[in-house]
Amino acid sequence: MKQKGFTYIAYVRPEKPETDEVTKRASGDYQAMRKWRERYGFGVFAEFVYPKELDSPLAKPDNPEIDPNWAIQSKLSAAQGAAFRKASDACMVVAAKQVLGKDLKSGDDYFNQINKASDRALAAKVDSDPQLIELAAAMASCLKGKGNAIGKTTPQEMYGRGFQMFNDQADKLGRAQRDDVPDVAPPAKDGENKMTYMPDLSAAEAKPYLAKEIKAALDDLECGKDFYPAYLPKAAVVNQQVNDEFGM
């Protein structure tokens, strides 16, 4: 960035230490997961009701960790800001090649490649695991018995279905509030995250949606109480390997 004429400060956001509750949830502990879901559901509409508790971008933290480069950019003109972002993107491509040995088309391509690598690794490891396949099928059958529509029953799909269902609902509300995006999200390209537009909701407006989400999340947990303790540790190993590969 300095070679391109910009002031830039190397910055890595500090990671918060994991609490015992977070560690338990990550292991699939039923009681820890239930305690969290009873309040936050899958974590979608709860961001509007409890933004500070969930460290949401909707909240204004008391002591925020701020990237110093934001302050640098804020002092630039519109044209200079665009040039700064273009230079940063180009430098990201160079850094990824030098440090990680990764060929990127752009800065965004870094995250696209991580998504693709994660999908491939999880498909190879967890979606082909006989124990997880059996547990995912049992979970799907249980949810169908509770009146839920179920699509694919791979371990990955069963893990992510609840969050995705309510995230899609939030996206639909957000798109309805805007005039500059289509009402229906176009299909995401392979390995890319679908662009989601969060709605503008007050806590009071979000609470009815959260109530439905909590009920669905608890049903999901009851049906998946054997699935999650088996899936989460295995998926965590795969995700850590991908993160290490990409320096995350």
Side-chain angles (χ1 to χ4, degrees), residues 18 22-30 32-34 36-37 40-47 54 102 108-172 184-196 198 213-248:
E18 289 190 349
V22 170
T23 301
K24 286 181 178 179
R25 287 203 309 273
S27 71
D29 181 85
Y30 173 81
M33 291 184 71
R34 183 173 181 86
W36 198 87
R37 291 190 178 202
Y40 305 120
F42 292 109
V44 178
F45 285 100
E47 287 206 7
L54 294 179
K102 300 293 182 183
D108 287 342
D109 189 39
Y110 172 71
F111 297 100
N112 292 337
Q113 288 199 26
I114 291 176
N115 291 334
K116 289 178 182 179
S118 178
D119 287 344
R120 287 194 299 266
L122 288 169
K125 295 292 185 180
V126 302
D127 282 350
S128 62
D129 185 299
Q131 180 198 22
L132 294 181
I133 292 172
E134 182 178 347
L135 290 172
M139 179 180 175
S141 179
C142 174
L143 285 166
K144 286 179 182 178
K146 292 179 179 290
N148 294 275
I150 303 294
K152 295 180 180 179
T153 61
T154 64
Q156 273 195 85
E157 289 289 338
M158 293 308 299
Y159 166 72
R161 60 168 290 281
F163 174 86
Q164 192 59 58
M165 178 170 58
F166 284 91
N167 198 57
D168 286 346
Q169 184 178 14
D171 179 56
K172 184 177 180 180
V184 179
K189 295 180 180 179
D190 181 39
E192 293 184 3
N193 285 328
K194 183 179 71 174
M195 180 63 73
T196 301
M198 287 292 102
E213 184 181 338
I214 288 172
K215 182 182 183 307
L218 292 176
D219 282 348
D220 178 270
L221 179 59
E222 287 302 318
C223 288
K225 60 185 176 183
D226 294 325
F227 169 75
Y228 285 112
Y231 176 88
L232 288 172
K234 292 180 179 180
V237 171
V238 175
N239 287 326
Q240 187 60 58
Q241 291 171 344
V242 174
N243 288 345
D244 290 346
E245 179 185 347
F246 284 86
M248 287 287 286

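Residues: numbered from 1 along the sequence shown. Small disclaimer: the values here were computed from a predicted structure and weren't measured.
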Under a 3.5 Å distance rule, please check whether [X] uses its side chain to pair with a backbone N or O of [Y] as donor and acceptor.
{"X": "Asp129", "Y": "Leu132", "value": "yes"}
{"X": "Glu47", "Y": "Leu54", "value": "no"}
{"X": "Arg37", "Y": "Ala217", "value": "yes"}
{"X": "Gln156", "Y": "Val126", "value": "no"}
{"X": "Asn115", "Y": "Phe111", "value": "yes"}
{"X": "Glu213", "Y": "Val44", "value": "yes"}
{"X": "Ser128", "Y": "Ala124", "value": "yes"}

Shortest non-hydrogen separation from [X] to [Y] and the atoms involved:
{"X": "Trp36", "Y": "Phe42", "value": "CZ3-C, 4.0 Å"}
{"X": "Asn239", "Y": "Ser118", "value": "OD1-OG, 3.4 Å"}
{"X": "Ile133", "Y": "Pro155", "value": "N-CG, 4.0 Å"}
{"X": "Pro229", "Y": "Gly28", "value": "CG-O, 3.4 Å"}
{"X": "Leu135", "Y": "Ala230", "value": "CD1-CB, 3.6 Å"}

When you compare the side chains of Tyr228 and Asp220, does any donor N or O come within less than 3.5 Å of an acceptor on the partner? yes
Let me know which of Tyr231, Tyr159, Phe227 forms a side-chain contact (heavy atoms from CB on, under 4.5 Å) with Met139.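 Among the candidates, only Phe227 passes.
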If you count the non-hydrogen atoms of other residues, nucleotides and ligands that lie under 6.0 Å from NZ in Lys172, is the total more than 12?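 Counting other residues, nucleotides and ligands, NZ of Lys172 stays at 12 neighbours or fewer.
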Side chains of [X] and [Y]: closer than 4.5 Å at any heavy-atom pair?
{"X": "Asp127", "Y": "Leu122", "value": "no"}
{"X": "Ile150", "Y": "Arg161", "value": "yes"}
{"X": "Val242", "Y": "Arg120", "value": "no"}
{"X": "Asp168", "Y": "Gln164", "value": "yes"}
{"X": "Arg34", "Y": "Lys225", "value": "no"}

[X]/[Y] ion pair, N-O < 4.0 Å:
{"X": "Lys146", "Y": "Glu222", "answer": "no"}
{"X": "Lys102", "Y": "Asp109", "answer": "no"}
{"X": "Arg25", "Y": "Asp29", "answer": "no"}

How long is the gap from CE on Met158 to SG on Cys223, to the nearest 0.5 Å?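 So the gap between those two atoms works out to 8.0 Å.
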From CD1 (Ile214) to CZ (Phe166), nearest 0.5 Å: 10.0 Å
